[in-house]
Amino acid sequence: MAKRRKVGNLLGLAVLSTVSVKPMHPYEMASLMRARGKDRDMDIKWGSLYTVVGNLEKHGFLAVEGSAREGARPERTVYRITDEGRDELSDWVRELIAVPERERPRFEAGLSVLGALGPDETARLLAERLAALEREIAGVRAALAAETEVPRLFLIETEYDLAIRSAEADWVRGFLAEIEDGSLPGLDLWRTFHETGRVPPEIAELAERGAPQR
């Protein structure tokens with residue numbers, strides 16, 4: 001189970017990783033994180049950056065190194081990572097890599113209430129999703145193929161994203177095929193429910209029983 005951290009916002013993890021290279025002010029942190037695509041790797045709300053930096057300093061993970069001024073811009077506080085911050089960064093990464101944790105994708109939420117739609121509309125929407133996934137997969141593959149000089153270590157999160165998208169596309173493709181060729185178990189009951197507006201007894205019984213535990 002994931003531990004409760006003093007600063008649990010994943011933006012804090014990104015900040016610690018960024019500042020571990022050299023001291024910098026928050027504006028520089030944000031610019032570098034954007035350039036590295038950290039907002040694609042994790043849920044980042046840029047408006048909370050200064051709050052997160054302040055919390056990291058409060059708990060001893062960052063310390064003020066000094067201040068810097070560029071041209072006519074206001075003076076900016078420069079932060080460095082502390083020994084405690086490096087320990088926190090390493091421990092946090094170990095946990096994220098080693099400890100599986102259930103995540104809640106929006107797609108899974110939609111699937112959990114899919115009965116609200118009929119099978120024909122579902123098939124159309126799944127076809128739209130599959131086409132979008134295939135475009136995204138092609139784009140990621142092309143981007144990876146173009147990165148001939150970047151060490152693989154700095155591309156592994158993109159490889160993982162490609163694997164997840166590919167697995168989702170395979171699942172959607174298979175589920176869509178079952179609807180279209182009529183082999184999906186319970187398809188007739190699903191279709192009858194949407195054609196008549198009446199819940200078949202078999203479906204009502206399953207609904208009362210509840211979903212299996214995961």
Side-chain angles (χ1 to χ4, degrees), residues 2 8-22 24 27-49 52 89-185 187 214:
N9 189 326
L10 281 175
L11 179 54
L13 177 71
V15 167
L16 290 175
S17 175
T18 303
V19 181
S20 67
V21 178
K22 66 169 188 174
M24 58 186 75
Y27 182 82
E28 186 179 4
M29 296 175 202
S31 298
L32 192 53
M33 285 188 285
R34 283 193 175 98
R36 292 175 175 174
K38 287 303 173 191
D39 48 356
R40 295 192 301 271
D41 301 334
M42 58 188 77
D43 184 18
I44 287 182
K45 294 179 174 58
W46 295 110
S48 62
L49 176 61
V52 169
L89 172 61
S90 298
D91 186 64
W92 204 342
V93 174
R94 290 188 189 103
E95 177 189 286
L96 289 171
I97 297 301
V99 181
E101 189 172 356
R102 284 282 302 167
E103 298 176 0
R104 305 292 181 185
R106 287 164 51 87
F107 184 44
E108 185 175 341
L111 292 174
S112 73
V113 290
L114 190 58
L117 305 177
D120 294 334
E121 183 179 9
T122 296
R124 177 179 60 78
L125 295 171
L126 287 172
E128 287 182 16
R129 185 180 190 92
L130 181 58
L133 283 168
E134 289 173 338
R135 288 193 298 271
E136 291 173 1
I137 289 168
V140 174
R141 283 180 176 155
L144 282 173
E147 295 288 0
T148 57
E149 298 181 0
V150 178
R152 187 181 174 201
L153 177 62
F154 300 108
L155 298 172
I156 51 175
E157 74 276 15
T158 305
E159 288 185 13
Y160 175 76
D161 179 62
L162 176 60
I164 294 298
R165 289 173 189 265
S166 298
E168 182 183 328
D170 288 342
W171 186 89
V172 170
R173 194 176 291 112
F175 185 46
L176 176 59
E178 288 184 82
I179 296 175
E180 291 180 335
D181 65 19
S183 63
L184 179 70
L187 181 62
R214 290 178 288 177

Task: Pair Leu96-Leu13, side chain to side chain contact (heavy atoms under 4.5 Å, CB included): steps then yes or no - done: CA-CA 11 Å; Leu96 289 171; Leu13 177 71; 3.4 Å; yes

Open item on the list: Go through it in stages, so that I can follow the logic: the residues are Trp46 and Arg34, the test is side chain to side chain contact (heavy atoms under 4.5 Å, CB included), and I'd like the CA-CA distance, side-chain angles, deciding distance and then a yes or no.
Closed with: CA-CA 10 Å; Trp46 295 110; Arg34 283 193 175 98; 3.3 Å; yes

- [ ] Let me see the working for Lys38 and Asp41 under side chain to side chain contact (heavy atoms under 4.5 Å, CB included), right down to the final yes or no.
- [x] CA-CA 5 Å; Lys38 287 303 173 191; Asp41 301 334; 3.7 Å; yes

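Between Leu130 and Ala169, the closest heavy-atom pair is CD1-O, 3.6 Å. A pairwise comparison of heavy atoms in Asp181 and Ser183 identifies OD1-OG, 2.6 Å as the closest pair. The shortest non-hydrogen separation linking Ala30 to Leu49 is CB-CD2, 3.7 Å. In terms of heavy-atom proximity, Leu16 sits nearest to Leu89 at O-CD2, 3.9 Å. Closest heavy-atom contact between Leu187 and Pro119: CD1-CB, 3.7 Å.
Between the CD atom in Glu168 and the CG atom in Asp170 there is a gap of 10.0 Å [rounded to 0.5 Å]. Note: Leu10 CG to Ile44 CD1 = 8.0 Å, rounded to the nearest 0.5 Å. The line from CD of Glu157 to CZ of Arg40 is 8.5 Å long, rounded to the nearest 0.5 Å. Here the CD atom belonging to Glu180 is positioned 11.5 Å from the OG1 atom belonging to Thr122, to the nearest 0.5 angstrom. Leu184 CG to Leu176 CG: the interatomic distance, rounded to the nearest 0.5 Å, is 11.0 Å. Between the CZ atom in Phe175 and the CG atom in Leu114 there is a gap of 5.5 Å [rounded to 0.5 Å].
For Ser17 (side chain) and Ala14 (main-chain N/O), no donor-acceptor pair under 3.5 Å exists by modelled atom type.
Put simply, the side chain of Met33 reaches to within 4.5 Å of the side chain of Leu11, judged on heavy atoms. Counting heavy atoms from C-beta on, the side chains of Glu103 and Glu108 never come closer than 4.5 Å.
For the salt bridge (Lys or Arg N to Asp or Glu O under 4.0 Å) with Glu134, the qualifying choice from Arg129, Arg165, Arg173 is Arg173, the only one to do so.
Within 6.0 Å of atom CZ in Phe107, more than 12 heavy atoms from other residues, nucleotides or ligands are found, so the atom counts as buried in its surroundings.
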